[in-house]
Structures are given as structure tokens and as C-alpha cells.
Amino acid sequence: MSSVNMKLYTNENNSHSLKILISAELVKKQIIIEIVTVEDKRFQCPRRLPVLFTDHGDNLFSSNVASNFLFRPCLNLVKEVDKWLLWDGTKLQPMLVQLTGKSNVDSLVKDLLQELEESLNGKEFLVNNILTVADVCIWGTLYPLITDNNLCHKFIADKPNIKSWWSKLNEREEWKVAQDRLKLKSGMTALQSVAASCWYLELPDIHQASSVNENKLVNSVGSMKLESNAVENNVEEKEFTVSEEQIISAVKNWNKGVESRLKLKKTTKPVLPVPNERNILITSALPYVNNVPHLGNIIGCVLSADVFARYCRYRSYNTLYISGTDEYGTATETKALEENLTPKEICDKYFAIHRDVYSWFNISFDHFGRTTSADQIEVAQNIFRACHENGFLSSSAMDQLLCQQCDRYLADRFVEGTCPQCKYEDARGDQCDGCGHLINAVELINPRCKLCQNPPVIKQSQQLFLELPKAQEWLEKWIEETCEGWSSIARFITKAWLKEGLKPRCITRDLKWGVPVPLKGFEGKVFYVWFDAPIGYMSMTKTYTDQWLKWWQPKQDCKVTLYQFMAKDNVPFHSIMFPATLLAAGGNYTTLNHLMATEYLNYENGKFSKSRGVGVFGNDAKDTGIPSDIFRFYLLYIRPESQDTNFSWADLAMKNNTELLNNLGNFILRSLSFAEKFFNSEIPAVELNSEEKELLGYISLELNGYIRSLEKGHLRDGIKYILNISRHGNQYMQSLKAWVLIKGNDSDKKRAASGIGLLCNVVCLIASLLQPYMPATVETIAQHINLPIEMFTISETFQPYLKPGHKIGKPLPLFVKIEQPTVDALKAKYAGKQKSTSPEPALANNKPSIPASGDVGVAITSLEEAVMKQGDLVRSMKSAGKSKEELQPMIATLLDLKKQLSVLKGEDINTTTSGKSKSTKSQNSGKKKKDKK
């Protein structure tokens, strides 16, 4: 059995969890079960349970996707299995959950079951008479129906094939083990549990459901919407079938020759919109200048925007990428007080740090600016005046918190307290990190001054408000017309704000550090940072060029498309406040077209924390010795597009060693080295036979998928299409066996030469598509191929890059293996005070090895993690109702680990191990409180 490294979160009696447990049993994977409530805030928006936390750090919140992840079908069965999974998720599941509240779905359910009945006629299993995940998932979906006497009689009585198929599966050992572990109630109780834990499309006319387009359902039904995201993020697993027409088209494009390739457009500085061309304006959320950005910050904004900007440039789109640091607000003042510097000195210090970090990560800004500039004051004040003149501002006395000890109003981050929504105890005065809710400081429960920790008093102060209600109708219409091109989380957050109803938003603060409010009676106040920060995109463009209004107030024949990249916590300020501000200001300003928001990136299943030394921050990455391109590749591979994802050193090493070293790097080196060794470093002529034409067909499909993904901002998918092309190349090389042909007769040698010539051109294509992701690596490939970097443009079709006889350079390995000791050392170095919550507990027969080096600190960290993991395992086994006989060896292992830890720490062993009245849970709880302090 494999080590325990996956966790299943489910509510009680959720029969869809059986699918995941059965799939795990079929492949001998162990999974920890944790029972949660449907109200658990981790599994909302939309509501989704069960959730499988995988050993790769992903959260799979569709039972069908999770089951498919565990129990994959053979490649030749993928297409048919996927068809049944889609049928189950888009037709059967939505109908069954509505049995709990609607009676008029009966006929539709019967129609679906009749379809299944006919498909099982004369068959033991659904697909090719082979047990697949399709059987597992549809069995699990039908579990409540068949285990309820009334429902079974009503729907299954006249379906002998279904009854026989379901019963035979139910008798299998894997099915029995799964049901024994979950111990769920059957029938309507299970069905109600499923309905309560997942969001499904509420069809306006249930009688028309069967005719609803499946693709619309995939994008609408809650669990399948998430399932489609999971499929998008695992494109390399899809089985493509290339048609004869696609092969003919691919060959036709190839035959156009080198001269037909897209030429890179030469740009002049400054970059300005061009009439009747595709003008792309890209911004990334302005990072706060009060701290060092961590990897989650980097992938959430600047790196994602950089990939898209590089893609656009190599498509010869007219592209401008603007960003900079957000330097005003309470966060800066707070940091200045902490470091005993002025706000200006803090901004100068951290601006330099940010600039250096982004430079090391190869972020290709056209301009990286600052909000502490004369241009910012001018543009922000002008926008404000226009809003005021157009009647979109109001003033009102506002309750504020005044710290009498510090003699200052406590705005935003100068105050902390308990969130009124989720009761998180360390919420800030502007936003709660626990639930993401935006709050006013006076709403906090038990507020305290961040500086002196004393409770403040409430005092009124006159402030200015942006009248968002006046913009609601316009915003609703504009968003409905625009949001199709947004990421799903951006749409969800924005529509939730609109549904709740917009309220006037305070845009001034009683602070000194900020853009002064240019209005009589409000002297001494500054703009709230979220009013003026997005205006920074405009002022930074002004700093970049005095013709900035060509981007922000374009003429009719110079249409500008605005893409904005950020993490989900920044969405409301860009989708509601900034557009409303521009509307209020008038002037036909450029508003966003594509809002590309991400979920959060976690670190080793916990949160990044600079104060606790947890996680890799921008200035740490360089110190690891791992090239920036490897970080770029991995962060983009796990980019949290549809759900939170997890940075893991072990996973980074695995992706580097498998995808980069063994797949991509191996293919490139083999192809170029063969040309160097056997053809005097010259590219042979290519003659297309059936195998070569078929390869072109498959590459064309992958290239089309890459273009579609990048155009939509699905950056994570794009990198996987590149890896697929490399896999096709490796497969072709294996079938070609050029190393054998080169020793044969003239015909064999000619075939080897032709194949290698084609593969060297495939290397060039990969370099083009890889350019947005790993620019430094592509520069090296360009040297190996002996082509200028400008040749690696990205076009929708694959034409040759290299003429016969082209002389290549000396190919060398592109990547190096990351060894396990390096992983262990890096994980220990950046663990800080955090104990990894990765579900990888030590088993009794697989105790963790203690580092053999003399570094006691590393050994202690390793053992502390092992104790935490083993404690998790013991608690999960107890909650699962395991017997004393099963628990005893696990508890013994836990005590043994604690003894080892005590020895290393120099503690009294008897004190640590004899106090059995202290449960593992209470010890951990005490430790958490200590860490919190």
C-alpha cells in the first residue's frame, strides 16, 4: 500500500464520497476521511463537497474528477469513459438531486435510466466490458435511488440490467470496504446530503432539461463547472484523435515554407495604440510597497501578466504592460513606524527590493512606476474633481476609531479586531483575511490599536463618499456585456457585490501619507488608498509617455483592450470601484475588458508568513540556487486559476525532473544532438511520409489548444499543451528509431535525416510557445539552434523555422535534476514556525528517517513535522471509528517520535511521554496558541 498522503473532506451521508473511496481502493491508495459541515467556509462559492486533497497539493471538488484522477482508464477507453462521466455530471446528477424537492422530474429520470438500461444490455460493465471509473461514478450517483425501497421500486423495478449491474458491483470487496469506512445512511438521507452539499443548476423549465445544450450545462452545473475546470487544468490527459482533414490542413500549412512564417512586428518607443490594429493594455495589481512579495503575490499578478504580455508581443499585437508599487495608505505608515523610518524612506527601500525581485524573475514591464509621484497626484485629483462636478460624491459624518493614547484616527491597518462575519480574531480595519469580507473599522468586535494595543473610542469625522448606487444600473449592464472574458472567480465576486446592492463608499481618510484631497473643508485629509491606487495605472502610463491619453482615452479607430491581472481579494476594487470612478469622471475612459483573477497560492499547505519565516519570498528565490525560469515554470504549472493551489518543494522537484528534464529537455537535446552528431550540425531536408504528416496533425491540434488557452488567459493550460507537443515529439522519435536507421542503407539514412529535420523544427516551435513562460531558457535554445530570438514568433499554424542546410550551434542540457537532499534542505530552511499540514503521516512500518547530517535544527524540524503528521493520522483514525487494535501501533509510533524529538531538544523524556491525560489534540491546541502569540 502507498503511504497515506490524500485527504477526503465530506459531509455526513454524502454518497458521492463513495465514488472517491472506491476508486482509491481499486488502485490501493490510502485516503484520510474528515467529516465537515456543509457550512464550512472552505467549501463554498459555490458550495462543493466532497473535496479530495491530492498528494500533488490540488483540491479536486468534483467527485467524478477526483475518481477519474485516482482510477484512470486506459488510453483507448478515455473517450468513451469521458462520455459517460459527462452524461452523469450534466444529466443524471442534476435530475436526481431535484427529486428531493420537485416531483415533475420523474419522467426525465426514467428516460435517463432507460438509456443506461439499454447500454448495459448483455454487458457486465459500461465500457468494453471492462471495469472503469464510469461504472464507479454512475454506481455512486445511483446509490441513494437504489437503496431507497420506494425510489427503487418506482424507478428501477423494470430495469433488470441496471439492478444486476449495480448489485454485482456492490458485492465487490472495494465497494464493501468503502461503505464500511464511510458508514453512511442510505436512500433519501444520502440524496438530501448530496443536494445540500453541492450547487446545481436550477432549470427554469424542468421539462425542457433534456434538450438543454450539454456544453451550457457543463458551464452551469456547480459540480460539473468545477469538473470542467479540472479537465482544463489537466489537458495532457485528454486523448486527441486527429482527423484526415486536420492532417491535410496541417501539411498544407507546413508546405508554405519558412518564408510564410509570421514576422515579429518592430515596435517603437514609447509603445502607442495604432489605428485598426489590436492594441493590448495590460496591468497587474499594484503590490504594496511595505513588504517583500512572496511567490503567491508574484504568480497572482506580475508573473501572470508578464506571460500574457510576452505572448501578445510574440503574436505581434501592439502591447503595453504597466505596473508599479502602491505606496500610500496605512500599510506604509505602519511599516514606517515598525522600522523607525519615514514613509518616504520605507517606500524608497521597498521599491528597490520589488524592482530587483521582478528583475530576477524576468518580468518584462514596459514601465514599472510608483504611486508616490507628481503624476499620480495630478491625475488622481483631476479624476476626483470630475467625479465631484458630475454629482457622484457626497459627504457625511462617519464614525471612526480614535486612539486617545496615540492621538490619531485608526484607519484601515492601524486597527485590528474580531471580524463581525466569521469571528476571525485578527481582522484588519479594512478587510478580513479569514473570510475576505470588506469591513469598516468601526464594525470590528473588540477593536484594538495596532500600535499600542489599547481599545480606541468612536468619534465622528466628516468624510467624502463615492455614490456607488448611482452607478449600479450602468455597472450591471456593463458587467453583463463584459464579464464573459473574465475568470470565473472574478465574475462570481463581482456579481455577489451587485446582488447585495452597492452602497456609498468612503474615499477619504484622516491621514497624512497620501494624495491630498483638493476640496475646501477637507484639508488635512487624503484619499483612501483604494480610490487612488487603481488610478495609478493611468498616472504610471503618464510617467511612461506624455501621450498617455491615447491609451486611456483612445480615439474611435484606436480601440484598446484592457487586461488586468490580480488575486481574488483585489477584484471588487477593479470590477466595481475603479470602473464606477471612471464612469463618474466621464471622459470615455478605457475600462477593463478582461479581469484575470486567481485564487490563492498556499505554501506547503499553509500560508506564507514573512514574520514567521514561512514560505519563499522574492528575495529568497534567488538564494536557493534554482534558476528563475524553474520557479516561473512551476508557479505557472500550478497557477491557482480555478481553486487554491499549493507550492510544494517535493512537487517542484518532481515537475522539474519529469516534465522539464525527462520530457522537454530530453526531447530538445536528443533532437539537436542527433543533428549535430550525424549531420554535421546541419538541418536535413524534410520529406513528409504518413507518420510525419500524422505528427503534424497532432501538433496542429495542440497548437490550436495553446492559442485558445492563452487568448482566454488560461495560462496554466497553455504550458501543458507545450509539454504535449514535446511528448508527441518523443513518441515519434521512439517510433522513428533514427539511431537504427542511420546505420542502414541510403533509404534508411534519408528517412532518419528527414525525421530529425522535422524534429528540429518542432524544437523551434516549442521554443516559440515556451517564450512567454521561460524566456531565459528560450534564449539558450536560440543559441543552440543558432537563430535570433525574434524568429520565435507565435502563429496559429506550424510552418518550418529552419531551411535545409541551416547550421545549428552546440546543444547542451537545459535542465539539471533537483535531488532529494536539496528538497529536504529547502523545505526545512523555509518552514519557519509552521508545521506542514500536508496529509503525509508516518506509518508504523515506515518511520521517517532522521537527517544524518549534524544539523540538529533540520532534524528537529523534520521530527516536528513527523509528530504533527502522525498526530493527524491518529485523530483521523479515531474519528473514523477505528478499533483499539488498529490505533495502538499508530499511537506507539507517535510516542516514539515524541521521544526522539525530546532527545534532540534536550527535554525530559518522562515529562513528554508519560502525561497521557494530555491528548494530542490539547497539546496541538496549546502549541497553536503559543505560535499565535
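The neighbour count for Glu277 CD, taken as heavy atoms of other residues, nucleotides or ligands under 6.0 Å away, is above 12. Crowding of Lys123 atom NZ: a count of heavy atoms from other residues, nucleotides or ligands under 6.0 Å exceeding 12. Heavy-atom contacts from other residues, nucleotides or ligands closer than 6.0 Å to CD of Gln556 number 12 or fewer. Enclosure of atom NZ in Lys807 by more than 12 non-hydrogen atoms of other residues, nucleotides or ligands within 6.0 angstrom is indicated. More than 12 heavy-atom neighbours from other residues, nucleotides or ligands sit within 6.0 angstrom of NZ on Lys256. Residue Lys263 places its NZ atom among more than 12 non-hydrogen atoms of other residues, nucleotides or ligands, all under 6.0 Å distant.
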Which is it for Ser364 and Arg313 under the side-chain hydrogen bond (donor to acceptor under 3.5 Å, both in side chains) test, yes or no, and what are the steps along the way? CA-CA 11 Å; Ser364 61; Arg313 294 183 189 121; 2.8 Å; yes
The test is salt bridge (Lys or Arg N to Asp or Glu O under 4.0 Å); show your working for Glu796 and Arg315 and say whether it passes. CA-CA 9 Å; Glu796 295 182 3; Arg315 290 278 282 150; 3.0 Å; yes
Take Phe565 and Phe308 through the test ring-ring contact (aromatic ring centres under 6.0 Å, His included) and record every step on the way to the result. CA-CA 10 Å; Phe565 289 80; Phe308 189 71; 5.7 Å; yes
Please walk me through it: do Tyr721 and Leu769 pass side-chain contact (heavy atoms from CB on, under 4.5 Å)? CA-CA 9 Å; Tyr721 282 110; Leu769 306 185; over 6 Å; no
Determine whether Glu702 and His728 satisfy the following criterion, side-chain contact (heavy atoms from CB on, under 4.5 Å), listing intermediate values before the conclusion. CA-CA 10 Å; Glu702 304 289 0; His728 287 304; 3.0 Å; yes
Given Ile785 and Cys760, is the side-chain contact (heavy atoms from CB on, under 4.5 Å) satisfied, shown in steps? CA-CA 8 Å; Ile785 300 174; Cys760 288; over 6 Å; no
Before giving the answer on side-chain contact (heavy atoms from CB on, under 4.5 Å), spell out for Gln771 and Ile789 the whole-Å C-alpha distance, their side-chain angles and the decisive distance to 0.1 Å. CA-CA 9 Å; Gln771 161 66 239; Ile789 198 74; 3.7 Å; yes
Report the C-alpha separation of Thr777 and Asp629 in whole Å, then their side-chain angles, then the decisive distance to 0.1 Å, and conclude whether the side-chain hydrogen bond (donor to acceptor under 3.5 Å, both in side chains) test is met. CA-CA 7 Å; Thr777 300; Asp629 264 16; 2.7 Å; yes
Run the numbers on Asn64 and Asp88 for side-chain hydrogen bond (donor to acceptor under 3.5 Å, both in side chains), then give the verdict. CA-CA 9 Å; Asn64 285 12; Asp88 177 42; 2.9 Å; yes
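Although no hydrogens or angles enter the test, the distance criterion places no donor-acceptor pair under 3.5 Å between the side chain of Asp135 and the main chain of Leu131. Remark: side-chain polar atoms of Trp87 are not paired, donor with acceptor, to backbone N or O of Asp82 under 3.5 angstrom. Panel note: side chain Thr482, backbone Trp478; a donor-acceptor pair is recorded below 3.5 Å. Ser304 places no side-chain N or O within 3.5 Å of a backbone atom of Gly300 that could act as its donor or acceptor partner. No donor-acceptor pair closer than 3.5 Å links the side chain of Lys559 to the backbone N or O of Lys555.
Judged by distance alone, the side chains of Asn730 and Arg727 never bring a donor and an acceptor atom under 3.5 Å apart. Defined by atom type and a distance below 3.5 Å, a donor-acceptor pair is missing between the side-chain atoms of Arg278 and Thr319. Counted by atom type alone, Asn279 and Tyr317 present zero donor-acceptor pairs between their side chains at under 3.5 Å. Using a 3.5 Å distance cut-off with no hydrogens or angles, the side chains of Gln564 and Thr283 do pair a donor with an acceptor. Residues Ser243 and Gln246 have side chains that bring a donor and an acceptor to within less than 3.5 angstrom of each other.
When side chains are defined from C-beta on, Ile818 does not count as touching Leu661, because their heavy atoms never get closer than 4.5 Å. Tyr698 is not listed as a side-chain neighbour of Ile725, based on a closest heavy-atom distance of 4.5 Å or more. Here the side chains of Ser316 and Leu264 are in contact, with some heavy-atom distance below 4.5 Å.
Not counting sequence neighbours, the partners of Glu687 by the side chain to side chain donor-acceptor pair (under 3.5 Å) test are Lys750.
A salt bridge does not link Arg639 to Asp717: none of the charged nitrogens lies less than 4.0 Å from a carboxylate oxygen. Look at Arg708 and Glu711 and you find no salt bridge, because none of the NZ, NE, NH1 or NH2 atoms lies under 4.0 Å from a carboxylate O.
Remark: Lys655 fails to qualify as a cation-pi partner of Phe633 under the 6.0 Å distance and 45° angle criteria applied to the six-membered ring. In this structure, Arg261 is positioned above the aromatic face of Tyr801, its NZ or CZ under 6.0 Å from the six-membered ring centre and within 45° of the axis.
Across all their heavy atoms, Ile707 and Ser795 have their closest contact at CD1-O, 4.1 Å. Contact between Val302 and Ser284 at its shortest, heavy atoms only, is CG1-OG, 3.6 Å. Between Ala675 and Ile808, the shortest heavy-atom distance links the atoms CB-CD1, 4.1 Å.
The aromatic rings of Phe679 and Phe674 are tilted relative to each other, their planes meeting at an angle between 30° and 60°.
Pairs engaging residues 737-746 under the salt bridge (charged side-chain N to carboxylate O under 4.0 Å, His left out) rule: none recorded [sequence neighbours left out]. Sorted by first and then second residue, the pairs that involve residues 751-762 and meet salt bridge (charged side-chain N to carboxylate O under 4.0 Å, His left out), not counting sequence neighbours, are Glu691-Arg751, Glu692-Arg751.
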